[in-house]
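Residue numbers count from 1 along this sequence.
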Amino acid sequence: MRRDSRLSVALHVLLHMEEMAPVVTSEELGQLMKANPVVVRRTMAGLREAGILRSEKGHGGGWSLARKLDSVTLGDVYAALGTPALFSIGPRSESPGCLVEQAVNHALGKVLGEAEALLLTQLRSTSVADIAKSVHRDRAIPAKKGRDVHA
């Protein structure tokens with residue numbers, strides 16, 4: 001099953017935007033992310049609606065940060081993306097009358113619910129600026145072979 005990387009992409013873009021010019025185009029972000037600018041715009045639209053980004057049309061337009069990254073949590077970004085599924089595993093519903101399937105679904109539902117609650121708590125307690133601090137700290141360490149920070 002293919003993983004949903006939109007949260008990773010959005011965080012990656014936000015961190016680069018903090019270091020780039022005040023206004024960045026979808027084309028520039030697409031080149032940076034090795035992605036189609038249309039895909040970038042779709043990802044950014046939810047961030048705009050959540051008040052994390054602004055967009056301006058026309059000559060000189062593009063995307064800019066609407067909030068400082070220390071006021072944006074990973075949970076905020078996750079919510080802005082429409083809360084994609086956190087796990088690719090889940091209950092089976094082929095035989096709803098089967099007692100074994102019901103027991104398995106109940107157990108999985110309980111465990112997955114607890115895991116999701118814990119993950120969401122962690123996402124809400126980590127700011128995007130916390131990741132930026134990590135990047136800045138890692139940049140201070142001499143570069144390791146093969147490491148790429150799009151400097």
Side-chain angles (χ1 to χ4, degrees), residues 1-94 104-105 108-151:
M1 179 177 220
R2 190 164 180 237
R3 292 186 179 196
D4 185 335
S5 62
R6 288 178 297 158
L7 179 58
S8 178
V9 168
L11 294 169
H12 196 144
V13 166
L14 289 172
L15 290 165
H16 278 299
M17 286 182 68
E18 180 186 45
E19 297 178 344
M20 296 173 80
V23 178
V24 184
T25 68
S26 299
E27 288 73 22
E28 291 170 315
L29 293 170
Q31 288 176 354
L32 180 70
M33 299 301 297
K34 297 179 176 77
N36 187 308
V38 173
V39 173
V40 171
R41 279 191 289 277
R42 279 192 211 126
T43 300
M44 308 298 264
L47 299 175
R48 180 187 58 225
E49 291 167 18
I52 297 170
L53 293 178
R54 295 186 271 276
S55 65
E56 299 190 29
K57 295 180 181 181
H59 183 71
W63 298 95
S64 61
L65 295 172
R67 292 168 44 192
K68 292 192 178 289
L69 295 184
D70 60 358
S71 73
V72 179
T73 69
L74 277 61
D76 295 332
V77 177
Y78 170 74
L81 296 173
T83 61
L86 291 171
F87 303 111
S88 63
I89 57 175
R92 175 184 154 97
S93 60
E94 302 301 313
V104 168
N105 287 349
L108 276 179
K110 183 176 188 278
V111 171
L112 290 172
E114 291 171 3
E116 186 173 298
L118 178 61
L119 181 55
L120 289 173
T121 297
Q122 292 298 316
L123 289 174
R124 291 179 188 126
S125 68
T126 304
S127 75
V128 179
D130 292 334
I131 300 172
K133 289 174 194 165
S134 171
V135 171
H136 297 303
R137 183 178 58 246
D138 289 348
R139 279 192 176 141
I141 299 171
K144 294 180 184 175
K145 185 178 179 182
R147 196 170 80 176
D148 177 17
V149 289
H150 304 301

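Put simply, the side chain of Y78 never gets that close to the backbone of T73: no donor and acceptor are under 3.5 Å apart. Although no hydrogens or angles enter the test, the distance criterion places a donor-acceptor pair under 3.5 Å between the side chain of S125 and the main chain of Q122. For the pair T83 (side chain) and A79 (backbone), a donor-acceptor distance under 3.5 Å is absent.
To the nearest 0.5 Å, the span separating CH2 on W63 from CZ on R54 amounts to 12.0 Å. To the nearest 0.5 angstrom, M17 atom CE is 11.0 Å from L15 atom CG. Note that the NE2 atom of H16 and the CG atom of L29 stand 9.5 Å from one another [nearest 0.5 Å]. Rounding to the nearest 0.5 Å gives a distance of 10.0 Å between CG of L14 and CZ of R67. Residue L11 holds its CG atom at 11.0 Å from OG of S5, rounded to the nearest 0.5 Å.
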Donor-acceptor contacts under 3.5 Å from residues 108-121 side chains, at least two apart:
{"from": "K110", "atom 1": "NZ", "to": "E114", "atom 2": "OE2", "distance (Å)": "3.3"}
{"from": "T121", "atom 1": "OG1", "to": "A117", "atom 2": "O", "distance (Å)": "2.9"}

Identify every side-chain donor-acceptor pair in residues 36-52 under 3.5 Å, counting partners at least two apart or on other chains, and give the distances.
{"from": "N36", "atom 1": "OD1", "to": "V38", "atom 2": "N", "distance (Å)": "2.8"}
{"from": "T43", "atom 1": "OG1", "to": "V39", "atom 2": "O", "distance (Å)": "3.1"}
{"from": "R48", "atom 1": "NH1", "to": "S55", "atom 2": "OG", "distance (Å)": "3.3"}

- Message: Would V13 and V24 count as a side-chain contact (heavy atoms from CB on, under 4.5 Å) here? Give the steps.
- Response: CA-CA 10 Å; V13 166; V24 184; over 6 Å; no

- Could you please spell out the steps behind the salt bridge (charged side-chain N to carboxylate O under 4.0 Å, His left out) verdict for D76 and R124? CA-CA 7 Å; D76 295 332; R124 291 179 188 126; over 6 Å; no

- Message: Could you walk me through whether V104 and R92 satisfy the side-chain contact (heavy atoms from CB on, under 4.5 Å) test, starting with their C-alpha distance in whole Å, then the side-chain angles of each, then the deciding distance to 0.1 Å, before giving a yes or no?
- Response: CA-CA 9 Å; V104 168; R92 175 184 154 97; over 6 Å; no

- I would like to know whether D70 and K68 meet salt bridge (charged side-chain N to carboxylate O under 4.0 Å, His left out); could you show each step before the answer? CA-CA 5 Å; D70 60 358; K68 292 192 178 289; over 6 Å; no

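Here the closest non-hydrogen pair linking P91 and N105 is CB-OD1, 3.2 Å. Heavy atoms only, all atoms of each residue included: V23 and E28 are closest at O-OE1, 4.3 Å.
For D130, the side-chain hydrogen bond (donor to acceptor under 3.5 Å, both in side chains) partners are S127, not counting sequence neighbours.
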